[in-house]
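Worksheet: the structure to be examined is printed underneath.
Source: prediction; values computed, not measured.
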Amino acid sequence: MCGIVGYIGPRDATPIILEGLKRLEYRGYDSAGIAVMANSHIEVRREPGKLIRLEEAIDADPISGHIGIGHTRWATHGKVTQVNAHPHIGMTGEVVVVHNGIVENFLELRAELEAEGVEFKSETDTETIVHLIERYLAAGKSLEEAARLSFHHLKGAQAIVTFSAAEPDHLVACRIGNAGGVAVGVGEDEMFIASDIPAILMHTRRVAFLENRQMVTITREGYRVQNLEGEESSLHATVLPYDPISAEKGEYKHFMQKEIFEQPRAITDTLRGRVDFAEGIVALEDMHLDREAVQGLSRLVTVACGTSYYSGLVGKALIENIARLPVEVAIGSEFRYADPLIDESMAVLAITQSGETVDTLAAMEEGRSKGARLWSIVNQIGSQAMRIADGYISMLAGPEIGVASTKAFTTSIVDQYLLACLLADLRESRPRAEVAELARDLARLPNLVGEVLDRDAEYQELATEFAHYENFLYLGRGLNYPIALEGALKLKEISYIHAEGYPAGEMKHGPIALIDENMPVLAICVQDHVYDKMISQVEQAHARGGIVIAVATEGDEYIATKADHVIYVPQTPPLLSPVVNVLPLQLFAYHIAVWRGADVDQPRNLAKSVTVE
């Protein structure tokens, strides 16, 4: 959730770090700070609130130097105050630290350090780290060794960066567990460090990612990696395919808007090289699947959180329908504590945009501990969920900056569709000709998505009419029940309107009591095998005075006699319809949020990558 940026090199570190922190604002934060080595001592500037306050403080009292670290904090220990903001500096003023994650044993460590005479200035768990490092420096250890010994004391998942005035030519960083990424950027006579790629992408595309319990010591010339036991480790930098321009808004007002309109390209990218449309064959090389192992699978368990969980619900229907493999979908934060019935005959599939969501990673670890095969569908290249999996599918959606996920949702559905086709071939669960036809249907999808987005002006007009309501009910059945859930989630996330997604057939078992002229009902009524059932739900809502918005198939004139408003989408192959049907709901939520003046890209209390419980 928090953002980290570090720099060492010939340039002034301050503007580089501030720019990097701006590119991490999407992660969510409540304070910001920077520490720079200036004239042989460490200068720190910290402010609660948005980055603009930190920039104003630096304008009033400038700092500059060739090594520095910055941080955007999401409070977990201590209130949102200047003294609790990162970076934290030690009693001697010789060591400074920024940190993501939670030091689970910080109370014990704090008591131990206070007994040694340490005076704490903040309420944070992070401050224990800087005092531990100072303890070992005072004993004659180098910064690298002092940091390594200090990190051994910490319980919980951590990402830490530190430097010392005594060794101003070194940055030291460490990753312990799944508190978020630590990316090392390699430049020309300069080095970068960040918790997420967009912070440094404008400077370098050569990046190395720390693994669990790895520590890196960085100089201007390069880096050296060891584990926390002091053993040398190898860590190779890879060249990322992203262009820095892709992380900019460009012509769009918000990142979320840009990312919604990037979906035709994102879906094209996730299909490119994976489908032979002539033969109708799907290839997913990074999944490392073989016929014998797949035919021996008894069940697939999908683990995910938030929007990715709803994607998994769609994927369950796709994989069961196409591959005839039973699928269970579990919320990551529940799965890890449920003592799930997992064994070697099963596979666990994690879906995560960031690849760093702590609950999803913990669920993967639970599956691994019980012998299951581990798969992941991930957008962030090089992330933990990708690295620890036996096989993975990259969403290839490109950087997703808006907190409310859009293109990662649709590309992850497409990836599950691809997986279903491949599993069907390997398991021989459907005739080859049928699987080939399903694979060929994907060729139409980017264009169908583009057709829906071309009608944005209609969604904007509709949103203007409904932006003043405070409650919504979203209804869907079958494949479109998860789309109702996702549509409601988008509305509540970014506009702060209460919205509830519900299986339409269950409306009469509770939500129907809420329906009146003040609670609009959005029903997904495309012409599929449950169309008649959905028409019945629309009529029941109307009979209670509800205002009905229907998402319907182009050319369906009958629905216009039943609903107050109709959003038309093109005729789509049934199993791909969720990808098309969710697009108007994304834009409907977006335009309502804009109309209401909400912060679309950074909704209150939310963060892009949830790396703490």
Side-chain angles (χ1 to χ4, degrees), residues 26 249 252-267 270 306-311 313-314 353 379 395 397-414 445-446 448-467 472 474-476 479-497 499-501 520 522-524 526 549-552 565 567-570 572 576-596 598-603 606 608:
Y26 65 90
K249 293 190 185 82
Y252 298 100
K253 185 176 181 180
H254 298 96
F255 279 115
M256 182 180 178
Q257 181 190 26
K258 176 175 181 283
E259 287 152 11
I260 290 172
F261 280 89
E262 285 177 337
Q263 287 174 107
R265 179 204 54 77
I267 291 170
T270 207
T307 286
S308 292
Y309 172 73
Y310 298 149
S311 170
L313 292 177
V314 177
Q353 190 282 139
N379 190 39
M395 294 178 196
E400 188 178 67
I401 308 302
V403 168
S405 183
T406 52
K407 60 180 179 176
F409 177 73
T410 50
T411 52
S412 65
I413 291 175
V414 173
L445 189 58
L448 292 170
V449 168
E451 287 183 33
V452 177
L453 298 177
D454 285 343
R455 305 184 75 157
D456 180 45
E458 298 175 22
Y459 316 141
Q460 184 172 4
E461 183 179 352
L462 190 65
T464 301
E465 185 171 342
F466 283 90
F472 274 80
Y474 283 62
L475 300 176
L479 273 170
N480 286 303
Y481 163 49
I483 300 307
L485 292 170
E486 173 63 11
L489 177 63
K490 283 294 156 286
L491 188 64
K492 72 181 80 171
E493 278 183 315
I494 63 172
S495 72
Y496 317 137
I497 293 172
E500 185 174 0
L522 194 151
I524 303 171
V526 293
I549 305 168
V551 177
H565 303 270
I567 297 171
Y568 284 110
V569 294
T572 304
L576 292 172
S577 66
V579 176
V580 170
N581 297 339
V582 77
L583 303 173
L585 309 189
Q586 293 174 347
L587 283 166
F588 182 65
Y590 169 77
H591 288 302
I592 285 180
V594 171
W595 189 92
R596 291 167 68 99
D599 189 343
V600 174
D601 286 334
Q602 298 176 57
L606 296 177
K608 187 66 178 174

For this session: Start with the C-alpha gap between Met256 and Lys490, add the side-chain angles, then the distance that decides, and say whether side-chain contact (heavy atoms from CB on, under 4.5 Å) holds.
Result: CA-CA 11 Å; Met256 182 180 178; Lys490 283 294 156 286; 4.1 Å; yes
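- Taking 4.5 Å as the limit, some side-chain heavy atom of Leu585 sits within range of a side-chain heavy atom of Val551.
- By the side-chain contact (heavy atoms from CB on, under 4.5 Å) test, Ala593 pairs with Ile494, Ser495, Ala598, Val600, sequence neighbours left out.
- To the nearest 0.5 angstrom, Phe472 atom CZ is 7.5 Å from Leu522 atom CG.
- A donor-acceptor pair under 3.5 Å is formed between the side chain of Gln263 and the backbone N or O of Ile260.
- One distance of note links CD of Gln257 with NE2 of His254; it measures 8.0 Å at 0.5 Å rounding.
- Here Ile267 contributes atom CD1 and Thr411 contributes atom OG1; the two are 7.5 Å apart, rounded to the nearest 0.5 Å.
- In terms of heavy-atom proximity, Phe261 sits nearest to Leu453 at CE2-O, 3.6 Å.
- Between Pro584 and Asn581, the shortest heavy-atom contact is CD-O, 3.3 Å.
- The closest donor-acceptor contact from the side chain of Asn379 to the backbone of Gly398 lies under 3.5 Å.
- Contact of the Ile401 side chain with the Asp601 side chain is not registered, since no non-hydrogen atoms from C-beta on lie closer than 4.5 Å.
- Remark: the backbone N or O of His591 is not paired with any side-chain donor or acceptor of Arg596 at under 3.5 angstrom.
- Inter-residue side-chain proximity for Val314 and Glu486 is flagged as unmet; no heavy-atom pair is nearer than 4.5 Å.
- Side chains of Leu583 and Thr406 form no contact here, defined as non-hydrogen atoms less than 4.5 Å apart.
- The minimum heavy-atom distance between Ala397 and Ala266, with the atom names listed, is CA-CB, 3.9 Å.
- Side-chain contact between Pro482 and Tyr309 is absent, with no heavy atoms from C-beta onward closer than 4.5 Å.
- Between Pro399 and Glu259, the shortest heavy-atom distance links the atoms O-OE2, 4.0 Å.
- Shown here are the side-chain hydrogen bond (donor to acceptor under 3.5 Å, both in side chains) partners of Glu458, two or more places apart in sequence or in another chain: Arg455.
- With contacts defined as side-chain heavy-atom distances shorter than 4.5 Å, the pair Met395/Glu400 does not qualify.
- Put simply, the side chain of Phe409 reaches to within 4.5 Å of the side chain of Ile483, judged on heavy atoms.
- Every residue two or more places apart in sequence or in another chain was checked for a side-chain hydrogen bond (donor to acceptor under 3.5 Å, both in side chains) with Tyr481, and none qualifies.
- Across all non-hydrogen atoms, the minimal contact from Trp595 to Ala467 is CE3-CB, 3.1 Å.
- A 4.5 Å side-chain heavy-atom check between Val452 and Tyr459 finds at least one atom pair inside the cut-off.
- Here the CG atom belonging to Leu475 is positioned 10.5 Å from the CG atom belonging to Leu485, to the nearest 0.5 angstrom.
- In this structure, the side chain of Thr410 engages the main chain of Lys407 through a donor-acceptor pair within 3.5 Å.
- Atom OG1 of Thr572 and atom CG of Leu445 lie 7.5 Å apart (nearest 0.5 Å).
- With 3.5 Å as the limit, one finds a donor-acceptor pair spanning the side chains of Ser412 and Ser311.
- Taken to the nearest 0.5 Å, the CD atom of Gln460 stands 11.5 Å off from the CD1 atom of Ile592.
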Exercise. Could you go step by step and tell me if Ser308 and Gln353 meet the side chain to side chain donor-acceptor pair (under 3.5 Å) rule?
Worked result: CA-CA 8 Å; Ser308 292; Gln353 190 282 139; over 6 Å; no
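- Counting all heavy atoms, side chain and backbone alike, Ala499 lies closest to Ala488 at CB-O, 3.6 Å.
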